[in-house]
Number of protein chains: 2
Amino acid sequence: MSKAHDPVSSRKAASQAAGETRAALIQAALRLFGQKGFEGTSTREIATAAGANIGSIAYHFGGKEGLHTATADHIVETIQVVAAQAIGRANAPAIDSTDEQAARGQLFTLLEHMMGFFVVRPEAGDIARFVLREMSQPSTALDRIYEGVFEPLHKRLCLAWERVTGQPAESETTKLLVFTMIGQVVYFSIAREVVMQRMGWNDMGDREAAKVLGIVRDNLDAILTSRKDGKP
Amino acid sequence: MSKAHDPVSSRKAASQAAGETRAALIQAALRLFGQKGFEGTSTREIATAAGANIGSIAYHFGGKEGLHTATADHIVETIQVVAAQAIGRANAPAIDSTDEQAARGQLFTLLEHMMGFFVVRPEAGDIARFVLREMSQPSTALDRIYEGVFEPLHKRLCLAWERVTGQPAESETTKLLVFTMIGQVVYFSIAREVVMQRMGWNDMGDREAAKVLGIVRDNLDAILTSRKDGKP
DNA sequence: GTCTATAAACAGATAGAC
DNA sequence: GTCTATCTGTTTATAGAC
């Protein structure tokens, strides 16, 4: 048995399938880079956490830096998939009701999905921490995430905002308002531990997330209403 | 006077005054820890940036970890001074007008000072980045900052909130609402680079800060109004 | 593809001269 | 108080066995 040069059939039972080690390394890197930072994490640590060896990082990514950018690309892909679903659902009811009412529902749905993503998905916390660290120290990894995730998502939200308030999507005011909405949501992801301590919460599960979402949703409603009536 | 063991009078001209090296080290550590993280920064780097040598870190702080906690303490002291001034000014007009109107002005003033601190003070960006990094990786440094700055400031804001809306300061809703206000402000400090890129700004000076403050202030106004009238 | 051994660079801590 | 030299451990990267 066992052709020596067939990588799949000749693999011994203990070996992982093609790409599995690669994926495990990215997963471990995402978590550790997020928790301890790029320089704060050693390749040995990542390899151990991924159940692989140190050499595999050089083999799959060329080195530590290659693993870093590969992790950034993985984040972009992950969020693009989630965002596409969220936008798809947010757009769904827009076919029936055409105007401001539907657009407001769209904003609420997008907000809800953002909030849900940061709480429910186990990867989300790691992603938020990773991106956050990149922000303090501009890198090529951040550029990829900005172009792949940040800018398109922000533009999408600005567009929905325009449909509610009538204010042009690319106006300074609209762009800043959308940032304040994003800021509210991501803050609970960033300052998770501090918030939990102050609130007396033991963890941040569905119940807590729902409570936060309710508050942010009410805020959005109040801001939209004031922008609609007070300053058309 | 002038005993050989008087550390002040016997100091030669080229030497720095007492505590000057110490202060320079803390200042450099604050910036570098914020930018590159604790593990990402070497003691040699800090010493060079401070115009000192590596040995001085061991002498003044016992080691790298000692410098870390000393930096956290410096942050607590800095913010406590600034916060005391801000609260002092916010309280000033409260003597004349007794009720909700004055309390609302107090909240606005506190918000304005927070925003101003994050933009005007050169240290503020470094402080925000430092604290942010600590948040992702709970440490004793974060505990000091939480107890010395975070909790007292949050409680103070909740109290002001109660005076405007009537909702109890320590209720779940009030505490979360205050977090959403803080989140809006700090987000512009955290995501500074990303915001500037999206806004097409070259830097974040007084003009830009005023624009952001105006938006956040309007948001606060809209939220307070909705909480006052809609849900008493 | 996976894993080990090793090399070259760099980390923080320390002892002691000045 | 300041600065240099040095010790010890750890880092990433690499070459090569399997």
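For clarity, every value in this text was computed on a predicted model and none was experimentally measured. Per chain, numbering begins at 1; letters A, B, ... match sequence-line order.
- Every residue two or more places apart in sequence or in another chain that forms a side chain to side chain donor-acceptor pair (under 3.5 Å) with B:T174 is listed here: B:S171.
- Considering only side-chain atoms of A:N53, the nucleotide from D:dT2, C:dC3, C:dG1 that sits closest is C:dC3.
- Scanning for side-chain contact (heavy atoms from CB on, under 4.5 Å) contacts around A:I215 gives A:N219, B:T173, B:L176, B:L177, B:T180, B:R227, with sequence neighbours left out.
- Among residues at least two apart or in separate chains, there is no ring pair (Phe, Tyr, Trp, His ring centres under 6.0 Å) pair with a member in residues 186-210 of chain A.
- Summarising the geometry, the separation between CZ on A:R22 and P on C:dG1 is reported as 10 Å, rounded to the nearest angstrom.
- Here the P atom of nucleotide D:dA15 and the OH atom of A:Y59 are 16 Å apart, to the nearest Å.
- With sequence neighbours excluded, the residues satisfying side-chain contact (heavy atoms from CB on, under 4.5 Å) with A:A141 are A:H68, A:A72, A:E134, A:S139.
- Phosphate contact (OP1/OP2 of C:dT2, side-chain N/O of A:T21, threshold under 4.0 Å): present.
- Per the geometry, NZ belonging to B:K36 stands 13 Å off P belonging to C:dC10, to the nearest Å.
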Q. Taking only Watson-Crick and G-U wobble pairs with both distances under 3.5 Å, what dot-bracket line describes DNA chain D, where [ ] shows pairs that cross earlier ones and | shows pairs with another strand?
A. |||||||.||||||||||
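- A:Q197 and B:Y146 are not linked by any side-chain donor-acceptor pair at a separation below 3.5 angstrom, with hydrogens and angles left out of the test.
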**Q.** Heavy-atom protein contacts under 4.0 Å, nucleotides 11-18 of chain C, coded B base, S sugar-phosphate only, - none
**A.** BBSB----
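- Taking the side-chain contact (heavy atoms from CB on, under 4.5 Å) definition, one finds that A:A128 meets it with A:F118, A:S189, sequence neighbours left out.
- A:E170 is linked by a side-chain contact (heavy atoms from CB on, under 4.5 Å) to A:K155, A:K175, B:R198, counting only residues two or more places apart in sequence or in another chain.
- For residues 27-38 of chain B, the side-chain hydrogen bond (donor to acceptor under 3.5 Å, both in side chains) pairs, not counting sequence neighbours, are B:K36-B:E45.
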